[in-house]
Amino acid sequence: MKKYLLFDLDGTLTDPKVGICTCVQYALASFGIEAPDIDKLEPFIGPPLKDSFMQFYHMDSEQADAAIAKYRERYSEVGLFENTVYEGIPQMLRTLKAKGMLLAVASSKPTVFVERILQHFGIRDCFKAVVGSELDGSRVQKDEVVAEALRQLFGQKPVAKEQVYMIGDRRFDVEGARAMGIESIGVTYGYGSMEELKAAKADYIVQSVAELQKFLLREVEEPRSGLTLQRLFKTIYPLLLFWLVKTAAMVFVQVMFIQMGGSIFGTPMIVFENGNPAGATPAGSAVMSIFGFLAGAAAVWKGARIMIKRAGEESKLLHLRKDAPVTYGYLAAAAVGAMLGLNLFLQLTGLVKASEAYEKTAQSQYAVPVLAGILLYGIAAPVAEELLFRGIIYNGLKRGIRVRHAILFSAALFGVYHGNSVQALYGFLMGCLFAYGYEYFGSFKVPLGLHIGVNLCTYLLSLFMDSDAVWVNWPVCVIALTVSVLGLCAMRGRKKI
């Protein structure tokens, strides 16, 4: 959560159209220029007046100064009060201040006028600093205004630029923020269009005062009811339902195999001893598991779809700005590095051989036909598990507890679900990575794609994971884990969640 908020005035806190445009008409009339339609004078709202008179009416510097003098002749007495505060602004400002945020106004309008407007509307006390231009024509550019506002906010302390937002409705606000190295929020309820703000590369764009408040308070106002018994039940119930339906489906398929004589298209699915079914073949186990995962996914599909959609709606304000393609590369590097490094670590430390449960699981995995293994471990299992663990469990948990705790708790359940110590450790760490990727990019496709990719690589790797292989050694393990850590650090350097 950023603590320091700089607000533009015109088009962001107040709607100044009547006052500004009428005073522009008054100034133009002194030059014999008729401008009866004030709607056409809206471009004067936001940028420095001198620039606008020179740009739109081709005045030279002296003429523009004379026009500004005539403009202020009316504005200082009448025009500045021909103004209205946008609905919800006073309440939002007081809420932000009550939450401990430090607010400032950074406007191209002369400071003396800004002060009078804020006093007139009873919102001056919300701001620690009020900065505008000077009547002598100095400090009119937005970057200069922003720089002075930052100086007044931080005083003798170093300016923590990562803790600041500049909020405004025009490209000048965005450009001023970028010049000072701070992030910007564009608002479209003022006089800048969505197209203008996107072209200026605003970091975030909101479309209403309510949306702006929700964005600024997204961390402090998130409902945090804690991990209550009700929430715990809502977390555990889908897991139990998934497991029961998955198990029932696997038993049903096994019974069907027996009824069909134990083979399908000549491929044995069941082993018989003395005429009695003694167990499934590797191919039979794979087919049973695929059907089990599909049935489990179907059981939780409706709830997962609702939770994923709701989570997307709630987080959309955090992801208005598209992440750079390189960030996805960092995540992919982190995932591949973690997958390879953890597998090598478990192999080299002997943890794999120390777990009989894992050894049994691994042996059955090696015996599965490759195509069936790809369908099972690369598609059915990751899709079903993501719907359950990230779609329902993680999304449900983070509505009651902090995101970092939800990541850890959901990942712990994901690890325990695997049923043996080796896969529990691996599942926990990868579960943390999947949930982190989900939260970072705000799209369910990210953990789903990661899980599918990691599972496929792990399965194919397991077919060749011989302890005598040249690449199974500590240097490769350390390099892989280092790549993973560096990828995560690079992501965090670009954006914190």
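A donor-acceptor pair shorter than 3.5 Å can be found between the side chains of Gln152 and Glu148. Judged by distance alone, the side chains of Asp15 and Tyr189 never bring a donor and an acceptor atom under 3.5 Å apart.
A tilted orientation is assigned to the rings of Phe215 and Tyr165, their planes being inclined by 30° to 60°.
With sequence neighbours excluded, the residues forming a salt bridge (charged side-chain N to carboxylate O under 4.0 Å, His left out) with Lys495 are Asp323, listed by chain and number. For Tyr75, the side-chain hydrogen bond (donor to acceptor under 3.5 Å, both in side chains) partners at least two apart in sequence or on another chain are Lys109. By the side-chain hydrogen bond (donor to acceptor under 3.5 Å, both in side chains) test, Asp136 is found to be paired with Ser138, residues two or more places apart in sequence or in another chain being considered. Applying the salt bridge (charged side-chain N to carboxylate O under 4.0 Å, His left out) rule to Arg72 yields no partners; only residues at least two apart in sequence or on another chain are considered. Among residues two or more places apart in sequence or in another chain, the ring-ring contact (aromatic ring centres under 6.0 Å, His included) test is passed with Tyr328 by Phe441. Here Asp60 pairs with nothing under the side-chain hydrogen bond (donor to acceptor under 3.5 Å, both in side chains) rule; sequence neighbours left out. Shown here are the salt bridge (charged side-chain N to carboxylate O under 4.0 Å, His left out) partners of Asp8, two or more places apart in sequence or in another chain: Lys142.
The salt bridge (Lys or Arg N to Asp or Glu O under 4.0 Å) contacts involving residues 404-424 comprise nothing, where partners must be two or more places apart or lie in separate chains. Pairs engaging residues 77-92 under the salt bridge (Lys or Arg N to Asp or Glu O under 4.0 Å) rule: Arg74-Glu82 [sequence neighbours left out]. Screening residues 181-195 for salt bridge (Lys or Arg N to Asp or Glu O under 4.0 Å) gives Lys2-Glu183, Glu183-Arg321 as the qualifying pairs, with residues at least two apart or on separate chains. Residue pairs meeting the salt bridge (Lys or Arg N to Asp or Glu O under 4.0 Å) criterion with at least one partner in residues 444-456, sequence neighbours excluded, do not occur; the list is empty.
In this structure, the ring of Tyr71 has its center no less than 6.0 angstrom from the ring center of Tyr26. Side-chain rings of Phe389 and Tyr417 approach one another, their centers coming within less than 6.0 Å. Ring centroid separation for the pair Phe414 and His451 comes in under the 6.0 Å cut-off.
The side-chain heavy atoms of Tyr86 and Val209, taken from C-beta on, include a pair separated by under 4.5 Å.
Contact detail for Ala406 and Leu397: the closest heavy-atom pair is CB-CB, 3.9 Å.
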For this session: Kindly determine whether Tyr4 and Phe154 satisfy ring pair (Phe, Tyr, Trp, His ring centres under 6.0 Å), including the steps that lead there.
Result: CA-CA 9 Å; Tyr4 301 90; Phe154 286 88; 4.2 Å; yes
For this session: Please step through salt bridge (charged side-chain N to carboxylate O under 4.0 Å, His left out) for the pair Arg310 and Glu313, ending with a clear verdict.
Result: CA-CA 5 Å; Arg310 181 187 298 170; Glu313 288 295 319; over 6 Å; no
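Separating the OH atom in Tyr330 from the CG atom in Leu488 is a distance of 12.5 Å, to the nearest 0.5 Å. Rounded to the nearest 0.5 Å, atoms CD1 (Ile392) and CD (Glu386) are 12.0 Å apart.
In Leu229, the CG atom is not crowded: 12 or fewer heavy atoms of neighbouring residues, nucleotides or ligands sit closer than 6.0 Å. For Tyr237, the OH atom sits in a loose shell: 12 or fewer heavy atoms of surrounding residues, nucleotides or ligands are nearer than 6.0 Å. No more than 12 heavy-atom neighbours from other residues, nucleotides or ligands sit within 6.0 angstrom of CZ on Phe345. Within 6.0 Å of NZ on Lys128 lie more than 12 heavy atoms contributed by other residues, nucleotides or ligands.
At a threshold of 4.0 Å, the pair Arg390-Glu385 does not count as salt-bridged, since none of the basic side-chain nitrogens sits closer than that to a carboxylate oxygen.
Gln163 places no side-chain N or O within donor-acceptor distance of the main-chain N or O of Ala160, the cut-off being under 3.5 Å. Side chain of Thr327 to backbone of Ala324: a donor-acceptor contact under 3.5 angstrom is found. Here the side chain of Asp173 pairs no donor or acceptor atom with the backbone of Ile167 at under 3.5 angstrom. Checked by atom type and distance alone, the side chain of Arg178 pairs as donor or acceptor with a backbone atom of Ala200 at under 3.5 Å.
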Report all side-chain donor-acceptor pairs from residues 43-56 shorter than 3.5 Å, counting only partners two or more places apart or in another chain.
unit_1 : atom_1 : unit_2 : atom_2 : d
Lys50  : NZ     : Ser61  : OG     : 2.8
Lys50  : NZ     : Asp65  : OD1    : 3.3
Ser52  : OG     : Pro48  : O      : 3.4

